Amino acid sequence: MDQFQDQSAAAIRQPQAPPVVRKWWHTATVYQIYPRSFCDSNGDGIGDIPGVTSKLDYLKSLGIDVIWLSPIYKSPMDDNGYDISDYRDIAPEFGTLADFDHLVAKARKHGIGIVLDLVVNHTSDEHPWFVESRKGPGNPFRDFYIWRKPAEDGGPPNGLMSSFGGPAWTLDSETGEYYLHMFSRRQPDLNWENPEVRREIYRMMNWWLERDIAGFRMDVIDYIGKQVDQELVKDGPRLHEYLQEMNRETFGSRNILTVGECWSATPGSALLYSGRDRNELSMVFQFEHVTQQWDEVYGKWRPKPFDLVTLKSVLSKWQYALSDDGWNSLFWGNHDLPRAVSRYGDVTGYHAESAKMLATVLHLMKGTPFVYQGEEIGMTNVPFTTIEQYRDIETINMHRLHVEAGLSPEDFIRGANESARDNARTPMQWSAALHGGFTKGVPWIEVNANYATINAEAAMTDESSIWNHYRKLIAFRKTHPVIVYGLYQSWLDQHPDVFVYTRTLDKDRLVVIANFTPREVPLTVPCELAVSGKCLISNYEPIDALPGENIDLKPYEAFAILSQGP
């Protein structure tokens, strides 16, 4: 037996997929839009809702079923919209409520639903609730937020730290008490233990649902059950109680998509959110495949060298855990993560091949794929050289803290170029025109200089482009049930260079093989994987059969062979 044919091959499951209640979003592909950076319709350098509407034909051509919009609500933009000052209004730089209604209606005509980002762990400090809350303990809105008296020494109530750096408590000089903010000091945390807070949130959610949206993506939703006096932030004891109540009071009777951002999720806890006997969410975003690559001390700012064996173990663990119940979200990137091809692929020697390989591996797994804007054309991380080029509050805060702790500015920028959130937030590259065709004005953040060669206009006219590879994968999900519901089985788990898995449904079997390196890799194909059929997709020449013997994989080669029984 080959040295890499470990326990996965020895523990082959029977090719029987469990019965599942089929949902419309099982066959769907979601496209995330960061509105500020997508398309500017009025030349002010900021993307907007009319800009999104103008690109619906593009998204329809790609095969997209759902658009997830990062926050478009009214906001002072301390954290680019994740600090909301009015849940029922649109930020002026993005347009108007009429613009949004027009987008929803036109998207529906294209067969595309709009999912809104629901940010209810915290608000902006300019939200009327907080403005009232900070007037003093006697104000009826005081208990909408989390206030505590100073510690005996006058300092913060306890040691909770903000995800953006520094203490999670800020002293309000007017009332002499501290308020909690797990993110920016301008993002005070709501007090979910107050039933009136929950009622207001549910009213707001229903107000949006009545505007015919297709669902919600829920920002840091695992924070809402926090117990601050015990310094417990994630997975608090009332978290699932609150989500079940939310389900009952808002979307539970509607056929919509709900996705919770849960950095703390484990395969076990994921079923608490999305198991078939739970009345909570459609699925969660888990980040284990992301965080396992972070340094134990410096986190994402000094990522570990890429380790395919570890990545495979995490992805396969989640595939197995949610095989019979629940549902996986599938993603490489989002607005908080680096560009996929820069993190996992090769942007210099094998840009197109590695981007297609990553798409193949992800889209043929079991779950709902999420495409982050620009991923479909292979957009890359941006090589900034100074902190002044960054706009993200997290990056700016962390730069100050790391430099104060003795890290050189050059080392921090090197880490930021790999992992900072602004890598995903540079403008969408539509064409080779000035600023990548994103705006006729001055963009709010620099456009990646490679827009002349990496852009949507060029990609759509090239049959062999990354864009067309994505289009094919998205279409296959709608026409091949084995991709949607087939049983997942991993192979060669300990192979350091190659990812191999199968999907099986009834008499259909899909074999997926991917080389994650810029080298040719000889591979001994297990005899159990010998197959002949149709090459569903490949980033090199099509391969219609695996003979059950040695093959040579080209750099970043990936292909899938489908065999169908009578």
Side-chain angles (χ1 to χ4, degrees), residues 29-42 44-56 58-59 62 64 66-75 77-84 90-95 99-100 103 107 112 114-119 183 213 216-220 259 261 285 290 329 331-343 369-382 384 389-395 419-430 435-439 443-448 451 454-456:
T29 299
V30 183
Y31 189 92
Q32 184 190 356
I33 287 177
Y34 195 71
R36 177 172 290 269
S37 298
F38 190 62
C39 181
D40 173 22
S41 70
N42 60 8
D44 66 355
I46 298 172
D48 46 44
I49 295 171
V52 175
T53 305
S54 74
K55 298 299 183 181
L56 288 174
Y58 169 84
L59 296 172
L62 188 59
I64 296 302
V66 179
I67 294 170
W68 153 26
L69 288 177
S70 284
I72 53 172
Y73 316 95
K74 188 175 180 181
S75 165
M77 299 294 167
D78 184 61
D79 187 24
N80 281 356
Y82 284 87
D83 50 318
I84 298 168
I90 304 295
E93 54 263 65
F94 293 150
D99 291 330
F100 176 78
L103 169 62
I112 298 173
I114 302 294
V115 164
L116 285 182
D117 220 318
L118 184 71
V119 188
F183 297 92
I213 65 170
F216 294 106
R217 175 266 185 184
M218 301 179 181
D219 187 64
V220 292
V259 191
E261 181 194 28
F285 287 128
V290 175
S329 62
F331 67 97
W332 289 125
N334 64 22
H335 63 291
D336 286 332
L337 301 176
R339 289 288 177 178
V341 70
S342 293
R343 182 68 186 102
F370 289 74
V371 178
Y372 182 71
Q373 66 181 43
E375 179 186 322
E376 75 280 10
I377 59 172
M379 283 181 61
T380 66
N381 283 358
V382 61
F384 286 158
Q389 291 172 283
Y390 287 92
R391 299 291 178 266
D392 173 37
I393 185 173
E394 179 194 39
T395 304
S419 299
R421 302 195 299 180
D422 279 342
N423 283 305
R425 300 178 182 187
T426 59
M428 177 68 183
Q429 295 163 206
W430 291 108
H435 304 314
F438 163 71
T439 181
W444 72 277
I445 189 172
E446 294 175 43
V447 181
N448 196 317
Y451 69 82
I454 299 176
N455 62 73

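Computation of the quantities below employed the complete heavy-atom set of this structure, encompassing side-chain atoms and omitting hydrogens, waters and symmetry-equivalent molecules. Nothing here was measured: the structure is a model prediction, and the numbers come from that model.
Scanning for side-chain contact (heavy atoms from CB on, under 4.5 Å) contacts around Pro50 gives Ser41, Asp48, Asp99, with sequence neighbours left out. For Glu446, the side-chain hydrogen bond (donor to acceptor under 3.5 Å, both in side chains) partners are Gln389, not counting sequence neighbours. Phe216 is linked by a ring pair (Phe, Tyr, Trp, His ring centres under 6.0 Å) to nothing, counting only residues two or more places apart in sequence or in another chain. For Tyr58, the side-chain hydrogen bond (donor to acceptor under 3.5 Å, both in side chains) partners are Glu376, Trp467, not counting sequence neighbours. Residues satisfying the side-chain contact (heavy atoms from CB on, under 4.5 Å) test with Ile72, not counting sequence neighbours, are Pro35, Ile49, Leu69, Ile90, Phe94, Phe100, Leu116. Residues that satisfy the side-chain hydrogen bond (donor to acceptor under 3.5 Å, both in side chains) test with Thr439, not counting sequence neighbours, are Asp40. Residues forming a ring pair (Phe, Tyr, Trp, His ring centres under 6.0 Å) with Phe183 (at least two apart in sequence, or on another chain): His122, Phe164, Tyr223. Arg217 pairs by the salt bridge (Lys or Arg N to Asp or Glu O under 4.0 Å) definition with Asp117, Asp219, Glu261, not counting sequence neighbours. In this view, Asn423 satisfies the side-chain hydrogen bond (donor to acceptor under 3.5 Å, both in side chains) rule with no residue, not counting sequence neighbours. Legend: residues meeting side-chain contact (heavy atoms from CB on, under 4.5 Å) with Arg425, ordered by chain and number and at least two apart, are Tyr34, Ser37, Asn80, His335, Asp336, Asp392, Arg421, Asp422, Trp444. Annotation: side-chain contact (heavy atoms from CB on, under 4.5 Å) contacts of Val30 (sequence neighbours excluded): Val66, Trp68, Leu257, Thr368, Phe370.
Using a 4.5 Å heavy-atom threshold, the side chains of Trp430 and Lys55 count as touching. Side-chain contact check for Phe331 versus Tyr372: every heavy-atom pair is 4.5 Å or farther apart. At least one side-chain heavy atom of Arg36 sits less than 4.5 Å from a side-chain heavy atom of Glu93. Here the side chains of Pro427 and Ile445 are in contact, with some heavy-atom distance below 4.5 Å. Residues Met428 and Ile377 meet the side-chain proximity criterion, which asks for heavy atoms closer than 4.5 Å. Residues Thr426 and Asn381 fail the side-chain proximity criterion, which asks for heavy atoms closer than 4.5 Å.
Tyr31 contributes atom OH, which lies 5.5 Å from atom CD of Gln373 (distance to the nearest 0.5 angstrom). With rounding to the nearest 0.5 angstrom, the CD1 atom of Ile213 is 8.5 Å from the CG atom of Leu118. Put simply, OG on Ser54 and CZ on Phe38 are 7.5 Å apart, with the number rounded to the nearest 0.5 Å. The OG1 atom of Thr380 sits 4.0 Å away from the CG atom of Asn448 when rounded to the nearest 0.5 Å.
Contact detail for Pro71 and Tyr82: the closest heavy-atom pair is CD-CZ, 3.1 Å. Scanning all heavy atoms of the two residues, the minimum distance from Val341 to Met379 falls at CG1-O, 3.5 Å. Scanning both residues, Pro443 and Val447, for their nearest heavy atoms gives CG-CG2, 4.1 Å. When all heavy atoms of Arg339 and Ala424 are compared, the closest pair comes out as NH2-O, 3.4 Å.
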TODO: Please step through side chain to side chain donor-acceptor pair (under 3.5 Å) for the pair Ser75 and Asp83, ending with a clear verdict.
DONE: CA-CA 6 Å; Ser75 165; Asp83 50 318; 3.1 Å; yes
